[in-house]
Each structure stands twice: as structure tokens, then as C-alpha cells.
Amino acid sequence: MQAYKQGIKKFENGEYDLALKDLQKVAAANYEPAQTNHLIAEAYRLSNRFSEAIPYYKKALDAGLTDAEARFQYAYALKTAGQYVEARAAFTEFAQSAEANKVLQERAYREIETLKITDRIGQKKKEIIVENLPFNTPGSEFSPAILGNELVFSASKKEKIYKNNGQAMLGLYKVRLGEQPSEAGGSPTLFSSSTFVEDANEGSPAFTPDGKTLVFARGNTGKRKGTVDVDLYMSRFVNGQWTAPAYLPINDSLAWDGSPAFSRDGKTLYFASNRAGGVGGIDLYRTNMDASGRFSKPVNMGKDINTAGDEMFPYVSPDNKLYFASDGHPGLGKLDLFVATRSQGIISIENLGIPFNTPQDDFSLVFHEDDDGESGFFASNREGGKGDDDIYFFSIPTEDEPDTTLVAEKDPNNPNYLNGQLKVVRYFLAGDVLTNATPSTPIDSATVRILADSADVEVGRLVTSEQGKFGDHRLEEGKDYILLVERPGYISRRTTFSMTGRSIPPIFLNKVITDTTYRVTVRLDKLELNKTFVLENIYYDLNKYNIRPDAAVELDKLVEILKDNPTVNIELSSHTDARATDAYNMTLSQQRAESAVNYIVSRGIDASRLTAKGYGERQLIVQNARTEEEHQRNRRTEFTILSY
């Protein structure tokens, strides 16, 4: 069916709104109902239209769709629509399925716990008035920033249509503030022709305190596939004009970089990015800017703030608290507004609750600084708005108790405290050491060395009991650890344990002190002569023997084994499939084995401990292989223990 093929092509190009037009026709014809409805649901989700995705996820699942992740996204969409009972049931069904992705499974269990306490999350902190502003339209308005007596914001008002969501592309616009901030009105006008291009989205303006430097995000030009084509730009106010925007060197060309914000002194720039090496999806980063506009290397804000989900739209308030939006911390829907506070050296994250947060997206909060922090603006696509994202004004009535913050540390509604005391979780690690055999048996007297992940610094040492059990070791929130398990007669083994995503938010706690123990199981192989192990994922380019980066990662694991077992000498062997001549395969496999050995030696292992051996096609696992999978099983790299 032609419309089906066209819809898939547009979907793969990220043109979700155009794809929907084709796929809706296909769905009406009941062609491939499971796959078609799934693609429609995904197109709505990926263009941030979660509620529209719900019926199509259901149709796809009812039609027999077996994609486990679709059930997770269906559950998440139900949550964003405020259908908490249905969402909890769908998350539970996903989490208990055998096909569930482990990372998403952990998120699903967290969502299940969050959905049990949405009533607590939604508690009002104060009587706060929220007003939809008169300049909002059926399009999108968000990311407000105050510059003097003007409100500068992102709005979908350009002539060109964004193929992702079918809306006009975004630009920077402004309105004049009235005597009262809520009186911002009139028709928005273009912020500056200097910062305007027709064929790109421009948004999230951030100004230095003196109002002379602007950083904003620009992208989605279609020159690069997907959403990575978003970067940060800087413009300066010189002689009454804004200069042409300059691309910032802190951008990552392979990542999405956006939602900037300045510190109160203008020397630190905060922003969001999904660059490699982060904690989760989109993380918050910070970088320092000197007087000449040079930036330091961006630093991740850490695991207290960043989660496995997305953290975006940072803002530093007049009292130097960090406000941001997140879908990873316990919330009412998709993006919720949070505030980070530090007390006794511990960073606490609090959901701002109702009316700031709803089941939909709530984000980009800023304070009106001439009003003692009692009013400000934020964006939301909540029900009852004028269009997609709208900008709202909020104010705290003056008759309320004098408090310039939204969060009082010992407020009875603050989930971080109970009866005036800060809630604390003590985390511990325990586990089992077993033989890597069938059936497995406990290993007693094994030493479990607990190392800091950043360096081999021992922070704890435990010994297993007769039942192979060890514990307990106190853990720190947000830290990564390595467990080095050693026992004479066995190959020492390393395994990682991370506290990332395991911290329990205070809102879940019902006691001042809560103890939680995480358990791990480590399996050791016996140290035996001529025992052979296959190294997974050691691949070479066709007819080549140089070590590729992905193979280097796997060989580094063997380097660690050899370092942890300094008396072991090995043969490293390379095997080919049978699709070339025997002589050619023997030569190629020998070259590959020698290349792998040379790499290992370059990583600090004594060459006398290693022997390179190429076997060509002479030790096939699958005789007469026909499929590519069978050939791949024959193309393998192994190591065999020669002595110890």
C-alpha cells in the first residue's frame, strides 16, 4: 500500500505531522492494524501529543502488537492524561512482562510507586493565583524571560511550518509588561531581526543580569536528521542593536543543546543537553563564562538533580535556588516543575505541586524580580489553555504569611521533613557469590573489595560466609562502585554497581530514618587449565585486522581480568568463517590475533603472558553454516588459560 510506505518514510525522517496524514488513511483501510496504529501513536508521542496517542496505542495492542516498549509508552501517555488508575495498571503489566527492557522496567516500577502518591505530590504549597495571559494563541508560547519592562518568549508565529508537529516554526517575540505583570498584553512583536531566521526554530531566551547578552537555542532546520540539530547561540546588545548570533563552542554537534539560563551574577550558564556521558536522557549542565565571553568545559549537574528521564529549563531564582522541569523525579504527569535546595550538605528536590503542576507539561518558570519573588511566569500545555503551550502568570496573595520562597524547609507540606526532622535514607549493599556453573553453588571465604568507580580506591572489604553471602556495606547516593571479587582457585571478577536512579525520593518515605539494602549476585569461574572463554562483540572490518573502537572496549575487559589475575597466562585465538580459502583465513586470523595481543600489551600487560594464535576456519562451531548468524558464531575471538 503506497500510503503506508510513504507514511513510514516520512516517519523515519522525523516528519511526524506529514506521516500522520498518510498513516491515518492506512488505518482507516484497516491495513496492518497493529503496526499502523503503533506508528500513529509513536508519531503523536514524538511530536509531544501524548493524549492523542492513547487510543492508537490501545488499538495497536488490541490488534496483537508485541512490542513491549509500546505498552510502557501507552502507560506513560495515560499518566500524562491524568488517567492514573489506568496508567498504574498498564505500567504493572509492562513491568511484569518477560520482554520488558531492564532500564524501562526500572522506570516503570518507579512510576508505579509515584502513582500511589499523586495525592501527596499534588498538595498545594500556598494559595497561588494562576492566570492565562491575553497574548496566548492556538499555537505555542513558552520560555518567558523578563528584559526590563518587556516579556521575551518563544512563539510559533513564523510562516514556515515545522514538519514535526504541523505548527508554525518558533521565533523570539516580545510584549510590553503593564503596571502589574499579569497585564502583559498587546500584540507580540518580533524581538529582533538580528536573531531571526525563517527556516529554523528559535527559542528559550536567557539574558545576563545587565540585559546585554542573550543566549538562545536554534535548530530543527532539517539539515540534520532528527532533533540533534539544536544548538546554543549568543548575541550581544551593542550600540542599540543585537548582534548576529554566534554559535557557542560548548555545543555538542551530536547532541541536542537547549534551554539556557544565567546565574544571578551572570558568570555561570546553565543549559540542558542529551550529550553522551550523561545520567539519563536530557541532563542539566553548567559552564563558567569569563569577562571576554570564553566558556569553561561544561560540567554535568550530577545525579542528585539529573535522573534517567529528562531535566530541562533551569532557572536560578532571586534567592539563588535552582528551579527546573523534569519527567524523571516523582511528578503528576510529563514535565513537572521542581526546586532544588541544599540543607546540611544534602541536595533535596521538591515537586512544586498544584497549581504549578498538572498531568501535562509544566515548565520554564521565572520570577518577576521587582515583586519580591511573589509573582512570575511559567509555561504549560494544561487543559483549559488557548492552544498548545501557553504562558501563565502566577502570584502569591499578599495576605499570605511573609515568605519570599515557594518552599519553606520545615513547612508541614514539605515531603523532605517529618515532624520537623529531615528524612534520611541509609543505603546498604549485600549479596551472594556463586559458582558460574549449572547448578551453581555458594562460594565461601571469597573477598569482596568495594572500589570507588572513578579510581581503584578501596572503600570497603567484605568476606563471604559459608552460604556465599556478604554484607552490609554503606552506600552513598549518586555514587558508582566496582565490586572486585577474589577467591583462590577462581578467576577474579569485577562487576559494577551504580546508585544512579536508585535514590528514594523523600516523598515516598514515612519515617525519619529508612534503611534500604540492595543485593547483587556475582558468579565466578573456576581457574582451570585449557579452559576457554569467548570474547563477545570482537568484530573486524571485512578483510581487515585493525582493532576497531568497539572491539577495544571489549578487549579492555580482558585487560582488567589479566590485571586482576596476575598469575594467569593465556592464548588469545582468532577464528574466521569458511567463506574464503583456508590459507587466506589462516593468515587473516593470525594477523587479527596478533593485533589483539598487541593492543592488550599497549594497555600495560606483559607480552610474556600472551600467545597469539590464528586458527582460520579449522575450529568451526557451526559446520556448513548458511545464515549470517551462523557465520558470525564461527567468527569469534577466544582466550584460553595456558598456565597460572
**Report entry** Euclidean distance, L483 CG relative to L451 CG, rounded to 0.5 Å
**Finding:** 8.0 Å
Query raised in the report: Do the charged groups of E476 and K479 touch, with an N to O distance under 4.0 Å?
Result: yes
Query - Shortest non-hydrogen contact from F216 toward G203 - result: CB-O, 3.4 Å
Requested in this report: Measure from the side-chain N and O atoms of Q360 to the backbone N and O of T80, and report whether any donor-acceptor pair falls under 3.5 Å.
Outcome: yes
Query raised in the report: With sequence neighbours left out, what residues match D550 under salt bridge (charged side-chain N to carboxylate O under 4.0 Å, His left out)?
Result: R548
What pairs of donor and acceptor atoms, side-chain ones from residues 377-387 against any protein atom, are under 3.5 angstrom apart with sequence neighbours left out?
residue, atom, partner, partner atom, Å
S380, OG, D361, O, 3.1
S380, OG, D362, OD1, 2.6
S380, OG, R382, N, 3.0
S380, OG, R382, NE, 2.9
N381, OD1, D361, N, 2.8
R382, NH1, P355, O, 2.9
R382, NH2, P355, O, 3.1
R382, NH2, F356, O, 2.7
R382, NH2, D362, OD1, 2.8
K386, NZ, L133, O, 3.1
K386, NZ, P134, O, 3.4

Report task. Would you mind reporting whether L509 and I504 have side-chain heavy atoms less than 4.5 Å apart? Result -> yes
Query raised in the report: Would F367 and L365 count as a side chain to side chain contact (heavy atoms under 4.5 Å, CB included) if you check the C-alpha gap in whole Å, the side-chain angles of each, and the deciding distance to 0.1 Å?
Result: CA-CA 7 Å; F367 285 100; L365 178 145; 3.9 Å; yes
Query raised in the report: If every non-hydrogen atom of Y76 is compared with every non-hydrogen atom of G333, which pair is closest and at what distance?
Result: OH-O, 4.0 Å
Query raised in the report: Does N251 use its side chain to pair, donor to acceptor, with the backbone of S253 at less than 3.5 Å?
Result: no
Query raised in the report: Does K334 pair with D310 as a salt bridge, N-O distance under 4.0 Å?
Result: no
Query raised in the report: T114 and G331: which non-hydrogen atoms are nearest, and at how many Å?
Result: CG2-O, 3.5 Å
Query raised in the report: Looking at side-chain heavy atoms only, is the closest gap between F262 and F207 below 4.5 Å?
Result: no
Requested in this report: Show your working on salt bridge (Lys or Arg N to Asp or Glu O under 4.0 Å) between R342 and D304 and close with a plain yes or no.
Outcome: CA-CA 11 Å; R342 184 185 294 273; D304 290 320; over 6 Å; no
Requested in this report: Before giving the answer on side chain to side chain contact (heavy atoms under 4.5 Å, CB included), spell out for V215 and L248 the whole-Å C-alpha distance, their side-chain angles and the decisive distance to 0.1 Å.
Outcome: CA-CA 9 Å; V215 173; L248 290 186; 4.0 Å; yes
**Report entry** Shortest non-hydrogen separation from S154 to L172 and the atoms involved
**Finding:** OG-CD2, 4.3 Å
Query - Residues that S51 engages under side-chain hydrogen bond (donor to acceptor under 3.5 Å, both in side chains), provided they are two or more places apart - result: none
Query - Closest heavy-atom pair and its distance - I282, M312 - result: CG2-CG, 3.9 Å
Report task. Verify, without hydrogens or angle tests, whether S503 (side chain) and E477 (backbone) share a donor-acceptor contact under 3.5 angstrom. Result -> no
**Report entry** By side-chain hydrogen bond (donor to acceptor under 3.5 Å, both in side chains) - contacts of S143 (at least two apart)
**Finding:** S204
Query raised in the report: Taking atom CG of L337 and atom OG1 of T358, what is their separation to the nearest 0.5 Å?
Result: 9.5 Å
Report task. Decide, yes or no, whether a salt bridge links D515 with R426 under the criterion of side-chain N to carboxylate O below 4.0 Å. Result -> yes
Query raised in the report: Would you say the side chain of L104 lies within less than 4.5 Å of the side chain of E69, judging by non-hydrogen atoms?
Result: yes
Query raised in the report: Are the side chain of K321 and the backbone N or O of V339 linked by a donor-acceptor pair below 3.5 Å?
Result: no
Query raised in the report: Atom CD1 of I161 and atom NZ of K163: how far apart are they, to the nearest 0.5 Å?
Result: 11.5 Å
**Report entry** Any side-chain heavy-atom pair of T514 and F508 under 4.5 Å
**Finding:** no
Query raised in the report: Is a donor on one side and an acceptor on the other found under 3.5 Å between the side chain of H329 and the backbone of I305?
Result: yes
Query raised in the report: Who passes side-chain contact (heavy atoms from CB on, under 4.5 Å) against N300, sequence neighbours left out?
Result: V279, D283, Y285, N306
Requested in this report: Report yes or no: does Y84 contribute a side-chain atom to a donor-acceptor pair with the main-chain N or O of L332 at less than 3.5 Å?
Outcome: yes
Query raised in the report: With a 4.5 Å limit on heavy-atom distance, are the side chains of D252 and D257 in contact?
Result: yes
Query raised in the report: Is a side-chain N or O of R264 found less than 3.5 angstrom from the main chain of V316, in a donor-acceptor match?
Result: yes
**Report entry** Modelled atom types, side-chain donor and acceptor of S140 and D389, under 3.5 Å
**Finding:** yes
**Report entry** Residues T307 and E311: side-chain donor-acceptor under 3.5 angstrom
**Finding:** yes
Report task. Drop me the distance from S395's OG to H368's NE2, to the nearest 0.5 angstrom. Result -> 12.0 Å
**Report entry** Interatomic spacing from OH in Y315 to CG in L322 - rounded to 0.5 Å
**Finding:** 11.0 Å
Query - Flag side-chain contact, heavy atom, 4.5 Å: F393 against E131 - result: yes
Query - side-chain hydrogen bond (donor to acceptor under 3.5 Å, both in side chains) involving S296 - partner list, sequence neighbours excluded - result: T287
Requested in this report: Can you tell me which residue pairs pass the salt bridge (charged side-chain N to carboxylate O under 4.0 Å, His left out) test with a partner in residues 78-91, sequence neighbours excluded?
Outcome: K79-E111
**Report entry** D336 side chain vs P330 backbone, donor-acceptor pair below 3.5 Å
**Finding:** no
**Report entry** Partners meeting side-chain contact (heavy atoms from CB on, under 4.5 Å) with A155 (sequence neighbours left out)
**Finding:** E141, F153, K157, Y173
Report task. Please tell me if the side chains of I54 and K58 come closer than 4.5 Å, counting only heavy atoms from C-beta onward. Result -> no
Query raised in the report: Looking at side-chain heavy atoms only, is the closest gap between R275 and P298 below 4.5 Å?
Result: yes
Query - Separation between CG of L475 and CZ of F497, rounded to the nearest 0.5 Å - result: 5.5 Å
Query raised in the report: With sequence neighbours left out, which residue pairs that include part of residues 35-46 fulfil the side-chain hydrogen bond (donor to acceptor under 3.5 Å, both in side chains) condition?
Result: Q24-Y44, E42-R45, E42-Y57, R45-Y57
Requested in this report: Just jot down the side-chain contact (heavy atoms from CB on, under 4.5 Å) partners of K10, sequence neighbours excluded, or say none.
Outcome: E15, L18, A19, D22
Query raised in the report: Can you list the residues that meet the side-chain hydrogen bond (donor to acceptor under 3.5 Å, both in side chains) rule with T517, with sequence neighbours excluded?
Result: none
Report summary line: Residues passing the side-chain contact (heavy atoms from CB on, under 4.5 Å) test with Q105, sequence neighbours excluded, are A95, A100, Y109
